[in-house]
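First up is the structure itself, then whatever we jot down about it.
Source: prediction; values computed, not measured.
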Amino acid sequence: MKRPGSLQFVYAKSVTALCAVMMIGGFLLVTAIGLRADDPDSSSTSSAKPASTSSHRQNVYSSKKGAVLRQYSLEDRVRYQLWNYKWNPDPNQPITRIEIRIGEQKVYVYQGDAVAGESPTTTGKPGHDTPTGHYTILQKDIDHKSNLYGDFIDANGYIVDGNAEVGQTPPAGAVYDAADMPYYLRIREDGTGLHAGYLPGYPASHGCIRLPHAFAELLFSNVSEGTPVDVVP
């Protein structure tokens, strides 16, 4: 037996203490691994529970896993101009007719009897009703300006009156700017036509047929002068 204070005794005690430290360190390491930061039991001081088969990392949502269908209110559609339209023509066939249905506030594009396109529209407000009748496209103008209506804008380019008419005296410091009518398709000599514009969800124009910008561009690119246009109640 080794005597206390002898070199052998001190060495043996040191080895024993080192082993104890290593055992405690190993236990703490295993515990830390078992209780990761994303483990739901990591903050608990209660006894160990069976390991979960899933974690928040596996439950993160990805839009690539499936389509998301969002429903928009009428107010949202007006605010952000999120109007749905359909466009599915036969590329080998011409557009044969356009029909504007005032009561529906819809435009239908035909190839023969088949509906090739459909879109919401905004027609003339009371007092500026869009005239019904049978017409044809008289003119195509991709960046047309109104010769009757426009805005008064200030020196910084901001609109101060959005219901100005040609010939009116502008307010002090303002100038008249004719209304933009992109992708314009004239159907009457008085200037009535189809063009891209703002859709508030009800009849509001000065007589023209406003269309969502993207739909107006498609229609403009796929019709020709002489294409029949019917405006019905």
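Closest non-hydrogen pair, Ser119 versus Tyr85, comes out as CB-CB, 3.9 Å. Summarising the geometry of Leu82 relative to Arg77, their closest heavy-atom pair is O-NH1, 2.5 Å, with the distance given to 0.1 Å. Closest approach of Ile95 and Pro89 over heavy atoms only: CD1-CB, 4.4 Å. Across Val160 and Ala174, no two heavy atoms sit closer than the pair CG2-CB, 4.1 Å. Residues Lys140 and Ser224 come closest through the heavy atom pair CD-CA, 4.3 Å. Of all heavy-atom pairs spanning Asp141 and His144, the tightest one is OD2-ND1, 3.1 Å.
One finds the CG atom of Leu218 at 11.0 Å from the NE2 atom of His213 (value rounded to the nearest 0.5 Å). Between the SG atom of Cys208 and the NE2 atom of His128 there is a distance of 11.5 Å, given to the nearest 0.5 Å. How far CD of Glu99 is from NE2 of His134: 11.5 Å, rounded to the nearest 0.5 Å.
Under the 4.5 Å side-chain contact rule for hydrophobic residues, Ile153 and Tyr176 do not share a cluster. Placement of Val107 and Leu199 in two distinct hydrophobic clusters is found when ILVMFWY residues are connected by side-chain heavy-atom separations under 4.5 Å, directly or transitively. Trp87 and Leu194 fall within the same hydrophobic cluster, where Ile, Leu, Val, Met, Phe, Trp and Tyr residues are linked whenever their side-chain heavy atoms come under 4.5 Å apart, directly or through other members.
Listed for the Thr122 side chain is no donor-acceptor partner under 3.5 Å among the backbone atoms of Pro203. Remark: side-chain polar atoms of Asn156 are not paired, donor with acceptor, to backbone N or O of Tyr158 under 3.5 angstrom. Panel note: side chain Thr136, backbone Pro228; no donor-acceptor pair is recorded below 3.5 Å. Side-chain atoms of Asp180 never come within 3.5 Å of backbone atoms of Pro182 as a donor-acceptor pair (strictly under, hydrogens ignored). Remark: side-chain polar atoms of Gln93 are not paired, donor with acceptor, to backbone N or O of Gln111 under 3.5 angstrom.
The number of heavy-atom neighbours closer than 6.0 Å to NZ of Lys86, taken from other residues, nucleotides and ligands shown, is 12 or below. Applying the 6.0 Å contact sphere to CG of Asp113 captures no more than 12 heavy atoms from other residues, nucleotides or ligands. Shown here is Tyr202, whose OH atom has no more than 12 heavy atoms of other residues, nucleotides or ligands within 6.0 Å.
The shortest side-chain heavy-atom distance between Val231 and Ile187 falls under the 4.5 Å cut-off. Side chains of Ile142 and Tyr184 form no contact here, defined as non-hydrogen atoms less than 4.5 Å apart. Two residues are said to be in side-chain contact when any heavy atoms from C-beta on lie closer than 4.5 Å; Asp177 and Lys145 meet this criterion. For the pair Val229 and Ile137, the minimum side-chain heavy-atom distance is below 4.5 Å. Looking at Pro212 and Gln81, their side chains never come closer than 4.5 Å, going by heavy atoms from C-beta outward.
There is a side-chain donor-acceptor pair under 3.5 Å between Thr123 and Gln105.
The aromatic rings of His206 and Tyr149 sit parallel to each other, their planes meeting at less than 30°, with 60° as the upper class boundary.
Ion pair Arg97/Asp230 flagged as a salt bridge, since at least one NZ, NE, NH1 or NH2 atom sits closer than 4.0 Å to an Asp/Glu carboxylate oxygen.
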Original post:
Taking it one step at a time, do Ile98 and Leu219 satisfy side-chain contact (heavy atoms from CB on, under 4.5 Å)?
Top reply: CA-CA 10 Å; Ile98 302 169; Leu219 187 62; 3.9 Å; yes

Subject >> Evaluation steps, side-chain contact (heavy atoms from CB on, under 4.5 Å), between Leu211 and Tyr183 >> reply: CA-CA 10 Å; Leu211 302 169; Tyr183 303 109; over 6 Å; no

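In this structure, the side-chain hydrogen bond (donor to acceptor under 3.5 Å, both in side chains) partners of Glu118, at least two apart in sequence or on a different chain, are Lys106.
For the side-chain contact (heavy atoms from CB on, under 4.5 Å) with Thr132, the lone residue among Val232, Ile102, Ile100 that qualifies is Ile102.
Centroid-to-centroid, the aromatic rings of Phe220 and His195 stay 6.0 Å apart or farther.
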